[in-house]
Amino acid sequence: MTGTGGSDPDFVPLQPHRPNRQQWVLAAIVVAFAAAVIVRKILQETGQDQTAAFYVGIPAVLAIVVVLSAPWGNVIGTTVKVVTVCLLLSMIVLGEGFICVIFAAPLFYSVAILVAAVVAYVRRQAGGGTLQVAVLPVLLLVMASEGVLPATTLPSDSTVSSTRVFDASSADVARAVGSPLRFHDVEPSGILSWGFPEPMHDEVEGSRVGDRRVIEFAGAHHRPALLSTHHWGEQSSELTLEVVEQDATSVRLRVVSDTTPLASWLTWKTVDIDWAEQGDGRTAVTWTLNFDRELAPAWYFGPIESVVAERAAGYLLDSLDLQA
């Protein structure tokens, strides 16, 4: 009989289990996604979900969680994997739209990779400790503060325009401007076809001062039962404009109300439609959109919103009942 395991030649002592890299990555994904959901909820409740605190803060949190919880090694690669999975989960679990994820992804990857690299470097310099990482919040505070406070909010006013030349007289253009736009005859193309709210119907009173134009937008597509409902909702929404200035070759409209999902990205202010005869029965028409950008940081979302708005101005011109 053997009294102790140590005297038994067949006894094999148990080795402590060490998670492999795949298990660490899975754990990092779960913890990071949970942390991101909590931060997202807090920012939404405090009205900061369109600021840099959201678009910079969340990927920074993801990166920090990954670097501080995963073993040393290829932290950048692990961070990219975690961000990718979390972005995909945001569509399935949180109801984010494809277009939202596409536009946010480059910023998320850039911030997460930068933060992961900085934290990993500090940890290496500190011999593996985590207390020295406290210097990082200073960097994150600067990066994520835009739009949170008036002092850290950059100017948001933007103006874009697009021009088309039509085979029409000035009188023809004036008539078309006061008529419904032909949304059913013109399919959105390029970046506008990536999943933006799509206009369906245009109800117009005319182009005299005081007349109103109501554009109805389609709701989000229905999602399968296992997926979270799109955060836009499936109901249609409306953009209402009113003519405030009008003469023989121009019309200005101001936005009265906007219940569309676009209102969370930008605030439309005015629409100017101007035209001038070019000779030979042709008339140049310019559609100008003025709006306030609602997303931050400005250096990232400013150019994106301007490009999309410019394409939208061109789409509206193409929807006029005129022949180009």
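Note: hydrogens, waters and symmetry copies are ignored here, and every other heavy atom, side chains too, is used.
Hydrophobic clustering of Ile, Leu, Val, Met, Phe, Trp and Tyr side chains at less than 4.5 Å, counting indirect connections, unites L62 with L88. Side-chain heavy atoms closer than 4.5 Å link hydrophobic residues (I, L, V, M, F, W, Y) into clusters, and following such links, possibly through other members, connects W194 to L316. Hydrophobic clustering places V39 together with V101 (ILVMFWY residues linked when any side-chain heavy atoms are closer than 4.5 Å, directly or through intermediates). The hydrophobic clustering, which links ILVMFWY residues whose side-chain heavy atoms are closer than 4.5 Å, places I102 and L262 together. With hydrophobic clusters built from ILVMFWY side chains whose heavy atoms lie under 4.5 angstrom apart, V214 does not share a cluster with L320.
Counting heavy atoms from C-beta outward, V244 and L253 have side chains that stay 4.5 Å or more apart. Two residues are said to be in side-chain contact when any heavy atoms from C-beta on lie closer than 4.5 Å; P188 and F196 fail this criterion. In this structure, V243 and E205 have side chains that are not in contact, with every pair of non-hydrogen atoms separated by 4.5 Å or more. The side-chain heavy atoms of F108 and C86, taken from C-beta on, include no pair separated by under 4.5 Å. No side-chain heavy atom of R311 sits less than 4.5 Å from a side-chain heavy atom of V308. Looking at V251 and R208, their side chains never come closer than 4.5 Å, going by heavy atoms from C-beta outward. Two residues are said to be in side-chain contact when any heavy atoms from C-beta on lie closer than 4.5 Å; W287 and T163 fail this criterion.
The minimum heavy-atom distance between T283 and V173, with the atom names listed, is CG2-CG2, 3.8 Å. Closest of all the heavy-atom pairs between A60 and V111 is N-CG1, 4.0 Å. Annotation for V80 and Y109: closest pair O-CE2, 3.8 Å, computed over non-hydrogen atoms. The minimum heavy-atom distance between I76 and A116, with the atom names listed, is CD1-CB, 4.0 Å. The two residues G190 and S193 make their nearest non-hydrogen contact at O-OG, 2.6 Å.
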Quiz prompt | side chain to side chain contact (heavy atoms under 4.5 Å, CB included) assessment of D274 paired with T249 | solution = CA-CA 6 Å; D274 304 275; T249 58; over 6 Å; no

Practice problem: Report the C-alpha separation of L289 and T159 in whole Å, then their side-chain angles, then the decisive distance to 0.1 Å, and conclude whether the side chain to side chain contact (heavy atoms under 4.5 Å, CB included) test is met. | Solution: CA-CA 6 Å; L289 301 172; T159 300; over 6 Å; no

Quiz item: Step by step, would you call D167 with R282 a side chain to side chain contact (heavy atoms under 4.5 Å, CB included)?
Solution: CA-CA 5 Å; D167 289 325; R282 295 170 65 80; 2.4 Å; yes

Exercise. May I have the step-by-step check of side chain to side chain contact (heavy atoms under 4.5 Å, CB included) for W275 and I273, ending in yes or no?
Key: CA-CA 7 Å; W275 56 95; I273 310 171; 4.2 Å; yes

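For the atom pair CZ (F217) and OG1 (T260), the distance works out to 5.5 Å, reported to the nearest 0.5 Å. Atom OG of residue S207 and atom CZ of residue R252 lie 15.5 Å apart, to the nearest 0.5 angstrom. A distance of 6.5 Å separates CG in D321 from OG in S179, rounded to the nearest 0.5 Å. Rounded to the nearest 0.5 Å, atoms CG (L181) and CG (D202) are 4.5 Å apart.
Annotation: E203, atom CD; neighbour count of heavy atoms from other residues, nucleotides and ligands within 6.0 Å does not exceed 12.
In this structure, the side chain of T259 engages the main chain of E238 through a donor-acceptor pair within 3.5 Å. E310 places no side-chain N or O within donor-acceptor distance of the main-chain N or O of V160, the cut-off being under 3.5 Å. Between the side chain of S264 and the main chain of P261, a donor-acceptor pair closer than 3.5 Å is present. Remark: side-chain polar atoms of H201 are not paired, donor with acceptor, to backbone N or O of I215 under 3.5 angstrom. A donor-acceptor pair is defined here as one N or O able to donate and one able to accept, closer than 3.5 Å; such a pair exists between the side chain of R293 and the backbone of P155. Between the side chain of N290 and the backbone N or O of S158 there is at least one donor-acceptor pair closer than 3.5 Å. A donor-acceptor pair under 3.5 Å is absent between the side-chain atoms of T240 and the main chain of V256, judged by distance alone. For D185 (side chain) and R182 (main-chain N/O), no donor-acceptor pair under 3.5 Å exists by modelled atom type. No donor-acceptor pair under 3.5 Å is formed between the side chain of D258 and the backbone N or O of L239.
Look at D157 and K269 and you find a salt bridge, because one of the NZ, NE, NH1 or NH2 atoms lies within 4.0 Å of a carboxylate O, short of that distance. In summary, R212 and E242 engage in a salt bridge, as defined by a charged side-chain N under 4.0 Å from a carboxylate O.
Side-chain contact check for E216 and S236: at least one donor-acceptor pair (N or O, by modelled atom type) lies under 3.5 Å. No donor-acceptor contact under 3.5 angstrom links the side chains of S250 and E245, judged on distance only. Checking T286 against S161 by side-chain atom types alone, no donor-acceptor pair falls below 3.5 Å. Side-chain atoms of S162 and R164 include a donor-acceptor pair closer than 3.5 Å.
Among V204, V271, D211, the single residue meeting the side-chain contact (heavy atoms from CB on, under 4.5 Å) criterion with L241 is V271.
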Listed pairs under 3.5 Å, donor-acceptor, residues 295-306 side chains, sequence neighbours left out:
from: Y300; atom 1: OH; to: F103; atom 2: O; distance (Å): 2.4
from: S306; atom 1: OG; to: G302; atom 2: O; distance (Å): 3.1

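With ring centers used as reference points, W265 lies 6.0 Å or more from F291.
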